[in-house]
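Have a look at the structure below before the remarks.
Letters A, B, ... are given to chains in the order of the sequence lines, protein chains preceding strands, and every chain is numbered from 1.
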2 protein chains.
Amino acid sequence: MSLALDGFDLKLLRVLQDNAALTNQEIGERIGLSASQVSRRRQRLEQDGVIRRYRATLDPDALGLGVTAYVGVTLGAHSRENARRFREMVTAMPEVQEAHTLTGDVDYMLKVVVKDLKALSRVINDELLPHEAVQNVRSSIAMETLKDDNSLPLS
Amino acid sequence: MSLALDGFDLKLLRVLQDNAALTNQEIGERIGLSASQVSRRRQRLEQDGVIRRYRATLDPDALGLGVTAYVGVTLGAHSRENARRFREMVTAMPEVQEAHTLTGDVDYMLKVVVKDLKALSRVINDELLPHEAVQNVRSSIAMETLKDDNSLPLS
DNA sequence: AGTGAAAAACAATGGCG
DNA sequence: CGCCATTGTTTTTCACT
């Protein structure tokens with residue numbers, strides 16, 4: 001069920017997605033709304049779950065996290081139990097930013113962020129590959145990141 | 001020039017990365033610091049660029065964005081100018097959440113979020129493929145997303 | 001390094017046009 | 001929806017340890 005979002009809502013979401021540190025007053029100036037209306041709409045959008053959360057975006061380099069990699073994982077035995085345990089492991093791994101099952105020849109695609117190549121190797125060889133469900137792992141390292149903001153397109 | 005982050009800083013970053021809507025008072029209670037110190041440390045971390053920004057995380061489903069895909073792009077003519085124009089295009093495309101150059105057989109990997117498969121097809125066939133630098137495009141659709149929080153691991 | 005209290009800024013609500 | 005006023009929170013600064 002799709003909620004009714006009007007133009008103000010979309011503008012508000014666009015601003016908040018880009019910068020949630022602005023005051024309601026400042027947001028209002030940008031989208032043409034009074035601060036009190038911004039407040040009310042925000043609350044509604046939070047209530048309705050359109051806004052999931054607010055978070056700080058950190059700088060990976062400042063934290064010594066220099067390596068981003070995409071790791072494709074192919075499972076061997078496709079038992080329900082094996083898959084479940086693999087998913088549990090992956091979900092709990094802090095180095096894994098994203099994990100999806102994909103169409104195509106690879107079962108899972110992981111986005112991994114670690115300090116250096118040694119740490120990547122540790123993740124792959126000491127965590128992923130030893131898992132009994134895992135048959136094959138193939139990683140590609142991000143050499144350059146053009147864009148990494150994960151901003152949703154708001155029509 | 002790695003900045004010196006102590007245990008309090010790491011705890012603070014961990015909390016803020018997870019929930020930036022907490023008050024300094026609440027954060028202080030969690031990490032064992034007074035609100036004023038939380039405020040002071042936050043400002044320093046923002047100043048130093050460890051905290052890049054604050055943003056709202058939106059719910060893709062609530063916004064009618066049902067399809068996430070990874071799109072691998074191979075360039076044909078590897079001229080400097082072609083590559084530059086491709087990067088400009090990709091950076092400007094709102095459907096593209098992430099774009100990296102990768103090691104391996106694919107030149108670029110894009111994470112794309114769109115409304116439906118028709119919209120994905122439009123992005124691929126009407127935007128990516130017609131670009132003169134692009135030789136080949138291969139997309140995999142995320143069937144299930146186990147994790148998508150892009151939280152950095154803080155040792 | 002840290003605390004606690006005061007001052008300033010802000011968010012949230014209600015009433016009215 | 002704008003505007004205004006009010007109330008309660010929250011952030012930030014300052015004095016002090």
Side-chain angles (χ1 to χ4, degrees), chain A residues 1-59 61-65 149-155, chain B residues 1-59 62-64 149-155:
Chain A
M1 79 119 259
S2 194
L3 305 141
L5 302 177
D6 66 11
F8 283 126
D9 288 325
L10 287 175
K11 280 188 200 167
L12 174 52
L13 291 171
R14 234 175 259 129
V15 171
L16 284 175
Q17 184 174 226
D18 181 59
N19 185 359
L22 296 170
T23 66
N24 288 337
Q25 176 65 39
E26 291 169 317
I27 298 171
E29 283 161 16
R30 289 176 203 214
I31 69 177
L33 219 50
S34 65
S36 52
Q37 298 305 317
V38 171
S39 174
R40 285 182 228 268
R41 280 175 183 267
R42 273 178 86 149
Q43 284 178 299
R44 209 197 70 227
L45 292 166
E46 289 161 10
Q47 202 90 43
D48 291 351
V50 180
I51 297 172
R52 276 233 200 92
R53 65 206 296 222
Y54 296 94
R55 33 185 338 209
T57 302
L58 310 182
D59 181 351
D61 289 330
L63 297 163
L65 296 165
D149 62 357
N150 278 276
S151 287
L152 298 179
L154 300 179
S155 38
Chain B
M1 67 116 256
S2 194
L3 305 143
L5 301 178
D6 67 11
F8 282 126
D9 288 325
L10 287 176
K11 280 189 200 166
L12 174 52
L13 292 171
R14 233 175 260 128
V15 171
L16 284 175
Q17 183 173 225
D18 181 59
N19 185 359
L22 296 170
T23 67
N24 289 337
Q25 176 65 39
E26 291 168 317
I27 297 171
E29 284 161 15
R30 289 176 203 211
I31 70 177
L33 220 51
S34 65
S36 52
Q37 292 310 308
V38 172
S39 172
R40 199 184 57 74
R41 280 173 183 268
R42 273 177 85 151
Q43 284 178 304
R44 209 199 70 226
L45 292 166
E46 290 161 9
Q47 203 89 43
D48 291 350
V50 180
I51 297 173
R52 276 234 200 90
R53 65 209 294 222
Y54 296 94
R55 27 183 346 204
T57 303
L58 310 182
D59 181 353
L63 297 162
D149 61 358
N150 278 276
S151 287
L152 298 179
L154 301 179
S155 37

inquiry  = For dA11(C) and Gln43(A) - does any side-chain N or O of the residue sit under 4.0 Å from the phosphate oxygens OP1/OP2?
reply    = no

message = Is there a side-chain contact between Leu5(B) and Leu154(B) in this structure, where contact means two heavy atoms from C-beta onward sitting under 4.5 Å apart?
response = no

request  = Using atom types as modelled and distance alone, determine if a side-chain donor or acceptor of Glu26(A) lies under 3.5 Å from a backbone N or O of Thr23(A).
outcome  = yes

ask   = OP1 or OP2 of dA11(C) less than 4.0 angstrom from a side-chain nitrogen or oxygen of Arg40(A), does that happen here?
value = no

request  = Go through residues 12-23 of chain A and report each residue with a non-hydrogen atom lying under 4.0 Å from DNA chain C, sorted by number.
outcome  = Thr23(A)

message = Under 4.0 Å, heavy atoms only, any strand: does Arg41(B) hit a base, just the sugar-phosphate, or nothing?
response = sugar-phosphate

Check: Phe8(B) main-chain N/O paired with Asp6(B) side-chain donor or acceptor under 3.5 Å = yes

task = Evaluate the side-chain proximity of Arg53(B) to Asp18(A): yes if any heavy-atom separation is below 4.5 Å, no if none is.
result = yes

key: Test item: Arg42(B) side-chain N/O and Leu16(B) main-chain N/O as donor-acceptor pair under 3.5 Å   = no

key: Flag, side chain of Gln17(B) to backbone of Leu152(B), donor-acceptor distance under 3.5 Å   = yes

message = I want to check something: taking the side chain as every heavy atom from C-beta on, are Leu33(A) and Leu12(A) in contact at a cut-off of under 4.5 Å?
response = no

inquiry  = Please list, in numerical order, the residues of residues 24-37 of chain A that have a heavy atom closer than 4.0 Å to any atom of DNA chain C.
reply    = Asn24(A), Ser36(A)

message = Main chain of Thr57(A), side chain of Arg55(B): is a donor-acceptor contact present, judged purely on distance under 3.5 Å?
response = no

query = What's the CZ-P distance between Arg44(A) and dA12(C), to the nearest Å?
reply = 15 Å

